[in-house]
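Note on naming: letters A, B, ... go to the chains in the order of the sequence lines (proteins, then strands), and numbering restarts at 1 for each one. We use all heavy atoms of the structure for the numbers below, so side chains are in, but hydrogens, waters and symmetry mates are not.
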Amino acid sequence: MPELPEVEVTRQSFASRIAGARIAAVRMGKPLRWPLGVAPESLVGQSVRQVRRRGKYLLLDLDHGVLLLHLGMSGSLNFATQQSAPGKHDHMDIETTQGCLRLHDPRRFGAAVWSRSEQQDPALKLLGQLGMEPLSDEFAIEAFAKGLKQRSAAIKQVLLAGDVVVGVGNIYASEALFLSGIRPTLRAQKLSMPRIIKLHAAIRSVLARAVAKGGSTLRDFVSAQGKTGHFQLEASVYARQGQACHICASPIRQIKQGQRSTFFCPTCQKH
DNA sequence: CCATATACCTGGCAGC
DNA sequence: TGCTGCCAGGTATATG
């Protein structure tokens, strides 16, 4: 469920509550995408200094390293001060002196990976190829233009790839392209400067707005505080195939790009 | 180097 | 009710 806004909302929902907490126990459930890389007990006794985000990864800075968490397609984190028994899709419990952080992930595409230093494996491998943070100053027009210029793939797929700009997933890619009036199939290197500027602004605004609103909730997004998001009420094109475009009333079209669904308005996004 | 396909896993839903 | 097939927010890895 998580694109950048959902991950960021999740981070905000427990970061301050867990900061300074000491890990008292770690319980692992079924295997996730990758092994933790260390005995769970070795995390016990360490304190959580802060929780950061890089792309769709959450980074828990502990005393002696970094714990990377990824929510995959179906993951969510719940932070509870009251104990409750783990369900069959709860695959990691980090019990701390300030509450229990629980990773819930039915499909198990998510991951929890320990790294003694963010600068070394396996974190380097996971974080090393990531593109610019869309909501930070490094995401500048010129840098964005430069990244797009060297890519011949469709702009939608370049956005999804995450090596130019991170955090834009399948929902927000369609939304940002609609906002900027760009056909998702247009090759990235064909975007004119004015359209790059529009897309740049659209990515920032759609993501920032979603963060402010508490993330999307296409199916079941829930933050670690148990609040659901509201983005689905506002999707302009995503999952609206056949329905009227809010701008021009043309039926929204659905296509496949690289096995993923893309939604766009054939009139508002001419090319 | 680049672009595209594959794989991972479970649950929900439409159609029969 | 139960089966089958398809679909779903991600992304590392293999393949062309």
Contiguous Watson-Crick or G-U pair runs (3 or more, under 3.5 Å) in DNA chain B: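 Correct response: B:2-8 with C:10-16, B:10-16 with C:2-8.
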Expressed as a whole number of angstroms, how long is the span from [X]:[atom1] to [N]:[atom2]?
| X | N | atom1 | atom2 | value |
| --- | --- | --- | --- | --- |
| Lys256(A) | dC6(C) | NZ | P | 11 Å |
| Arg260(A) | dT11(C) | CZ | C1' | 9 Å |
| His89(A) | dC9(B) | NE2 | C1' | 10 Å |
| Leu126(A) | dG10(C) | CG | C1' | 12 Å |
| Asp163(A) | dG10(C) | CG | P | 15 Å |
| Gln157(A) | dT6(B) | CD | C1' | 15 Å |
| Gln257(A) | dG9(C) | CD | P | 13 Å |
| Leu160(A) | dA8(C) | CG | C1' | 14 Å |

Sugar-phosphate, base or nothing in reach of Arg151(A), heavy atoms under 4.0 Å: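 Sugar-phosphate contact only - Arg151(A) comes under 4.0 Å of backbone atoms but never of a base.
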Sugar-phosphate, base or nothing in reach of Gln129(A), heavy atoms under 4.0 Å: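 Since no nucleic acid heavy atom lies under 4.0 Å of Gln129(A), the category is nothing.
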Under-3.5 Å donor-acceptor pair between Arg33(A) side chain and dT11(C) base: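 Under the 3.5 Å cut-off, the side chain and the base do form a donor-acceptor pair.
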Heavy-atom donor-acceptor pair, Arg107(A) side-chain to dA8(C) base, under 3.5 Å: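 Result: at least one qualifying N/O pair found.
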Any side-chain N or O of [X] below 4.0 angstrom from OP1/OP2 of [N]?
| X | N | value |
| --- | --- | --- |
| His70(A) | dG10(C) | no |
| Lys30(A) | dC9(B) | no |
| Ser74(A) | dG11(B) | no |
| Lys56(A) | dG9(C) | no |
| Tyr238(A) | dG9(C) | yes |
| Tyr57(A) | dA12(C) | yes |

Donor + acceptor pair across side chains of Lys256(A), Ser261(A) (<3.5 Å):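 Yes.
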Phe109(A) aromatic ring stacked with six-membered ring of dT11(C), 5.5 Å and 30°: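 Answer is no, no stack.
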Measuring from the side chain of [X] (C-beta onward, heavy atoms only), which nucleotide among [options] has the closest atom?
| X | options | answer |
| --- | --- | --- |
| Trp34(A) | dG10(C), dA12(C), dT4(B) | dA12(C) |
| Gln259(A) | dT6(B), dT10(B), dA12(C) | dT6(B) |
| Ala153(A) | dA8(C), dT4(B), dT11(C) | dT4(B) |
| Lys88(A) | dG9(C), dA12(C), dG11(B) | dG11(B) |
| Arg108(A) | dC9(B), dG10(C), dA12(C) | dC9(B) |
| Ser152(A) | dT6(B), dC2(B), dG9(C) | dC2(B) |

Heavy-atom side-chain proximity of His89(A) to Ser74(A) below 4.5 angstrom: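 With C-beta onward as the side chain, the pair stays apart.
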Flag side-chain contact, heavy atom, 4.5 Å: His64(A) against Leu62(A):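 The answer is no; the side chains never approach within 4.5 Å.
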dC9(B) to dC3(C) separation - P atoms, rounded to the nearest Å: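 Nearest-Å result for dC9(B) against dC3(C) at atom P: 22 Å.
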Geometric class of the His200(A)/Phe144(A) ring pair [parallel <30°, tilted 30-60°, perpendicular >60°]: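 Phe144(A) vs His200(A) ring planes: tilted.
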Evaluation steps, side chain to side chain contact (heavy atoms under 4.5 Å, CB included), between His271(A) and Arg195(A): CA-CA 11 Å; His271(A) 49 260; Arg195(A) 316 188 95 200; 4.2 Å; yes
Passing option when Gln269(A) is tested against Leu177(A), Leu186(A), Leu179(A) for side chain to side chain contact (heavy atoms under 4.5 Å, CB included):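 In the set Leu177(A), Leu186(A), Leu179(A), the residue that makes a side chain to side chain contact (heavy atoms under 4.5 Å, CB included) with Gln269(A) is Leu177(A).
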Chi angles and distances behind the side chain to side chain contact (heavy atoms under 4.5 Å, CB included) call for Val48(A), Gln98(A): CA-CA 10 Å; Val48(A) 182; Gln98(A) 290 165 206; over 6 Å; no
Residues Arg54(A) and Glu133(A) bridged, charged N to O under 4.0 Å: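 Yes.
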Pair Asp61(A)-Arg49(A), salt bridge (charged side-chain N to carboxylate O under 4.0 Å, His left out): steps then yes or no: CA-CA 5 Å; Asp61(A) 288 321; Arg49(A) 297 184 175 180; over 6 Å; no
